[in-house]
Trainee: 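I'd like to ask some things about the structure below.
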Amino acid sequence: MTNDARSTSPRPRATMPLDGRRSVDVVAEMYQRKQGDAEWGRGRTFSLVYPTGRADVDGVLTEANVAYLFENALNPLRFPSLATMERDVTDMVADLLHAPEGAGAGFSSGGTESILLSVLVSRERARERGVTQGNIVFPESAHPAFAKAAFVTGLEVRPTALRDDFTADESAVAQAVDHNTVLVVGSAYGNPHGVMDPIAALSEIALENGTAFHSDACIGGFVLPFMEGLGLPVPLFDFRLPGVTQISADVHKYGYATKGASVITYREKSWLQHQTFRYDLWPSGGYRTPSMAGARAASPVAAAWAIMNYLGRHGYEAIMNDLVATTSRFRKGIENLPGLRILGDPIGPLLSFTSDTDDVFAIGDRLDDRGWCCNRVKEPSGLHMMISPLHQAYCDEFLSDLAAAVANSGESRGIGARYNDED
Ligand SMILES: Cc1ncc(COP(=O)(O)O)c(C=O)c1O
């Protein structure tokens, strides 16, 4: 199976069958269509899915999803169990991130929505001090969700250069900040290379300039606290730093919840009002939503609540202990292959590597040919892996296929870094 078997020829518009089909046929076709998908259950994906490979964990997640398959989180008055579980999840995350007394947190559908809400809140808070033409300052490695949020909220983006080790250059950030800056961003840790930005220094710049600082721990939020719990060296990135005003942490990444679960935490609970939309003028009366969606899936709330309660801190730490060892096996195996080099000094289970001797995208193509799905990194050219607990069982197989790919890399098909088909 290759990852690039997508047809570019126009397809006819699908129409609904006049008469419904038998459920067995519908389900069979669905599974048949799935045959062409990446085999995450065999450890072939290195992003998108974060499998633990544990039947007990998958069982809890399945149960939680089934229990709340049909409910709607739009109206917590109708489903108070959802409201309490959502509050438990946001409280537990705030606690994990050392949020002070008086902090507040909101549940969202994912990192992108948490970031969008954070940017909206920052724009509104800056408006209160008279900023009407705001900007966001973020290192080039920040997730595109910040640029997207700026686009939606009408803010200027100011991407800043990275150092040679791919971490944010704080002097470039300091230069880009002015009195119209509504938010400064740092990644703890970043997606492209898995390296930690200097969060202490960046948040200090924001503090000195009287503006907000978002520590993006969408990946790191459920990694770094457990690494710290294991006694591993982790620089501060959370509310223990006085300049950090808001943090995003995704339960649906290394929190192992099924998709649709993230938390945005603010130093002050009152700031949540800026992300709450209220409208009283429609005929049905007052309408209020605390995030972007209207009707909202209930199962992500249930899954996040269930998995955090099921694993507990010690459960996450035990998983992290193994994950650190697995990551180290991958890292050593990659570094031992001719020409390959890890980019920067990644702190957690995320590695990007390049080749000093071959076209690394050609190596990626040969891995694709064997069903492995490594994303591409553009600056510099590299292959990208987010390692999950399940990969422990597939590390040797991957490294052996990687060795074969390096030995016979051949020509690249010209597939660069991308997430989707072009329009
Ligand atoms: C550092 C970081 N921030 C934000 C996001 C966006 O999260 P999501 O894809 O859940 O919207 C990602 C996604 O991988 C990420 O790696």
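Atoms within a ligand are numbered from 1 in the order they appear, just like the ligands themselves.
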Trainee: Do you know which two heavy atoms are closest between Leu367 and Leu383, and how far apart they sit?
Mentor: CD1-CD1, 4.0 Å
Trainee: Are Asp56 and Arg54 close enough for a salt bridge, meaning some N to O gap below 4.0 Å?
Mentor: yes
Trainee: Which atoms from ligand 1 have a heavy atom of Asp216 less than 4.0 Å away?
Mentor: 1 (C), 2 (C), 3 (N), 4 (C)
Trainee: Which of the atoms of ligand 1 are close to Gly111, meaning less than 4.0 Å from one of its heavy atoms?
Mentor: 6 (C), 7 (O), 8 (P), 10 (O), 11 (O)
Trainee: As an exercise, identify every atom of ligand 1 less than 4.0 angstrom from a heavy atom of Asp250.
Mentor: 7 (O), 10 (O)
Trainee: So, for Ala405 and Arg366, which heavy atoms are closest and what is the spacing to 0.1 Å?
Mentor: CB-CB, 3.6 Å
Trainee: By number and element, which atoms of ligand 1 are closer than 4.0 Å to a non-hydrogen atom of Ile115?
Mentor: 4 (C)
Trainee: Taking 4.0 angstrom as the limit and counting only heavy atoms of Thr112, give me the atoms of ligand 1 inside it, by number and element.
Mentor: 6 (C), 7 (O), 8 (P), 11 (O)
Trainee: If the plane angle is over 60° it's perpendicular, under 30° parallel, otherwise tilted; pick one for Phe146 and Phe138.
Mentor: tilted
Trainee: Does ligand 1 have any atom sitting under 4.0 Å from a heavy atom of His252?
Mentor: yes
Trainee: Before accepting this row, confirm whether a basic side-chain N of the pair Glu317/Arg313 lies closer than 4.0 Å to the acidic partner's carboxylate O.
Mentor: no
Trainee: As an exercise, identify every atom of ligand 1 less than 4.0 angstrom from a heavy atom of Lys253.
Mentor: 5 (C), 6 (C), 7 (O), 8 (P), 9 (O), 10 (O), 12 (C), 13 (C), 14 (O)
Trainee: Determine, using ring centers only, whether Phe46 and Phe398 are less than 6.0 Å apart.
Mentor: yes
Trainee: Could you tell me, atom by atom, which parts of ligand 1 come under 4.0 Å of a heavy atom of Cys218?
Mentor: 2 (C), 3 (N), 4 (C)
